[in-house]
Chemist: 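Okay, handing you the structure first.
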Amino acid sequence: MRRAQFLAFFEDLRASLVGMEACSSSHYWARQLSALGHDVRLFPTNYVKLNVKRGKSDAADVEAICEAVTRPTMRFVPIKTEEQQSVLFLHRARDLIVRQRTQISNMLRGLLAEFGIVIAQGIGSAVKFAKDVLDNDCPDIPEVAADVLINLSNQLVALHLRICRYEMRMRLQARQDPRVMLLRTIPGVGPVTASAIAATIGDARRFKNGREFAAWLGLTPLNRSSGGKERLGRISKMGDRYRRRLLLTGMTARLRQMTENPDRVDAWAIGLLERKPTRLAAVAMANKTAWIVWAVLTRNKYDRPHYARSKGKEYRYSKTTTS
């Protein structure tokens, strides 16, 4: 049937079990069908592929969906509300513009390097250089190159201002969600990360424990055990890349703070950094932070830093306390 006939078909149908693959428009249709009294269940596309026999066709896909939706152990995707999708709409737009800003800044560095002009590391240095160019402080390069430089500088500054506007809107939106305010009490979790997690996870009680939530984010190691021997590999990376990247970025910033302010970190993180490489330590800290995020959301408690003594020094550790 055509798209215009889809909703009319279900209006004349008695209340039924409806299975759908989770895609860009599935949450909208799930809300519409749920309002008609149907039991709508969404599940990832990968779980449907396991039930497809031989060649792929529309009939084979429908048969696989029917088998997947009736399995007792199937894991379903919670239906997102319009408010959740609006916040994620903001995050996706910001993520796109951040990548575009990075592309233009890299282009500026590469082109100016051809003339012996080097921009310092960091996006802040690139934006400052672009603003100086727009303030008639253009370097001594040929006219054609200068014209291109001015255009690229205009784009870079405009994208940077748009990102700042999106981040300001996120902060304003975060103040209206008490869950975001709770998550921001966790070390390494800023307003962007807290907003993205709160808008995606919905009800955290659908996860049995913190490890399930960490596995959902793709932060748990792959299990390659066999013959009674336990073998754990790299992290699975099966979850959403955007939220996992935000957590890893926050933990990397915490590791950087550990070198600058060693008296404001916990003993566990310092011991981990002494035994493991920096990147591996950041992943382990992100995994632990995912456990804390689950505890904060399920218990409706905030994470307050305390101080503990270890080896004659003061270190900070996290403890979930009643809000």
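The structure presented is a predicted model; accordingly, all values stated were derived computationally and were not measured. Along the sequence shown, the residues carry numbers beginning at 1.
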Chemist: Quick check for you: to the nearest 0.5 Å, what is the distance between M251 atom CE and T278 atom OG1?
Modeler: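 Answer for the CE-OG1 pair, M251 versus T278, is 14.5 Å.
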
Chemist: Can E230 and R224 be said to form a salt bridge (charged side-chain N to carboxylate O under 4.0 Å, His left out), step by step?
Modeler: CA-CA 7 Å; E230 185 177 0; R224 303 183 183 278; over 6 Å; no

Chemist: Check step by step if salt bridge (charged side-chain N to carboxylate O under 4.0 Å, His left out) holds for R162 and E167.
Modeler: CA-CA 9 Å; R162 193 174 301 176; E167 291 178 350; over 6 Å; no

Chemist: Hydrophobic clustering (ILVMFWY, side-chain heavy atoms < 4.5 Å, transitive) - are V192 and M181 grouped together?
Modeler: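 In one cluster with M181: V192, no.
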
Chemist: Within a strict 4.5 Å, meaning less than it, do heavy atoms of the E114 and L112 side chains meet?
Modeler: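 E114 vs L112: side chains apart.
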
Chemist: Considering only heavy atoms from C-beta outward, does the side chain of V180 approach that of I197 to under 4.5 Å?
Modeler: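 When only atoms from C-beta onward are counted, I197 and V180 do not touch, as no gap falls below 4.5 Å.
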
Chemist: Please evaluate residues L33 and F6 with respect to the criterion side-chain contact (heavy atoms from CB on, under 4.5 Å), reporting the C-alpha separation (whole Å), side-chain torsions for both, the decisive distance (0.1 Å), and the verdict.
Modeler: CA-CA 10 Å; L33 299 182; F6 186 77; 4.2 Å; yes

Chemist: Looking at V69 and G19, what are the two nearest heavy atoms and their distance?
Modeler: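 Closest approach of V69 to G19, heavy atoms only: CG2-CA, 3.7 Å.
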
Chemist: Are side-chain heavy atoms of V18 and F10 found at a separation under 4.5 Å?
Modeler: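 Sidechains of F10 and V18: in contact.
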
Chemist: How long is the gap from CZ on R184 to CZ on R175, to the nearest 0.5 Å?
Modeler: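 It is 8.5 Å, given to the nearest 0.5 Å.
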
Chemist: Classify the angle between the aromatic ring planes of F76 and F43 as parallel (below 30°), tilted (30 to 60°) or perpendicular (above 60°).
Modeler: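 Rings of F76 and F43: tilted, 30 to 60°.
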
Chemist: What are the two closest heavy atoms between A196 and L88, and how far apart are they?
Modeler: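 Result for this residue pair: O-CD2, 4.3 Å.
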
Chemist: Does some side-chain heavy atom of N51 sit less than 4.5 Å from a side-chain heavy atom of R71?
Modeler: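 Yes, side chains in contact.
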
Chemist: Does R94 qualify as a cation-pi partner of Y166, given the criterion of NZ or CZ under 6.0 Å from the six-membered ring centre and within 45 degrees of its axis?
Modeler: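 The answer is no; the distance or angle limit is not met.
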
Chemist: Can you tell if the side chain of R171 reaches within under 4.5 Å of the side chain of P191, non-hydrogen atoms only?
Modeler: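 A side-chain contact under 4.5 Å exists here.
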
Chemist: Indicate yes or no: at least one non-hydrogen side-chain atom of P221 is less than 4.5 angstrom from one of R234.
Modeler: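 Counting from C-beta outward, P221 and R234 never come under 4.5 Å.
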
Chemist: Which heavy atom of P142 sits nearest a heavy atom of F115, and at what distance?
Modeler: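 Scanning both residues, the minimum pair turns out to be CD-CE2, 3.6 Å.
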
Chemist: Is there a side-chain contact between V40 and M20 (heavy atoms, below 4.5 Å)?
Modeler: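 When only atoms from C-beta onward are counted, M20 and V40 do touch, with a gap below 4.5 Å.
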
Chemist: Cation-pi between R211 and W216: NZ/CZ under 6.0 Å from ring centre and within 45° of the ring axis?
Modeler: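 The answer is no; the distance or angle limit is not met.
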
Chemist: Evaluate whether atom CD of E143 has more than 12 neighbouring non-hydrogen atoms of other residues, nucleotides or ligands under 6.0 angstrom away.
Modeler: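 Open: at most 12 neighbouring heavy atoms sit under 6.0 Å from CD of E143.
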
Chemist: Looking at R75 and E212, is any side-chain nitrogen of the basic one under 4.0 Å from a carboxylate oxygen of the acidic one?
Modeler: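 A salt bridge is absent here (no side-chain N lies under 4.0 Å from a carboxylate O).
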
Chemist: Which residues pass the side chain to side chain contact (heavy atoms under 4.5 Å, CB included) test with A204, not counting sequence neighbours?
Modeler: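 For A204 the side chain to side chain contact (heavy atoms under 4.5 Å, CB included) partners, ignoring immediate neighbours, are I201, W294, L297, T298.
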
Chemist: Sequence neighbours left out, what pairs pass side-chain hydrogen bond (donor to acceptor under 3.5 Å, both in side chains) with at least one residue falling in residues 236-249?
Modeler: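 side-chain hydrogen bond (donor to acceptor under 3.5 Å, both in side chains) check on residues 236-249 returns H91-Y242, R92-D240, D95-R245, T200-R243, D240-R243.
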
Chemist: Are I292 and V189 joined in one hydrophobic group, where the rule is that I, L, V, M, F, W and Y side chains link up if heavy atoms are under 4.5 Å apart?
Modeler: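 Result: yes, single cluster for both.
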
Chemist: Quick one: pull up OG in S195 and CZ in R169 and give me the separation to the nearest 0.5 Å.
Modeler: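 Output value for this atom pair is 11.0 Å.
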
Chemist: Would you say the side chain of V87 lies within less than 4.5 Å of the side chain of M170, judging by non-hydrogen atoms?
Modeler: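 No, side chains not in contact.
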
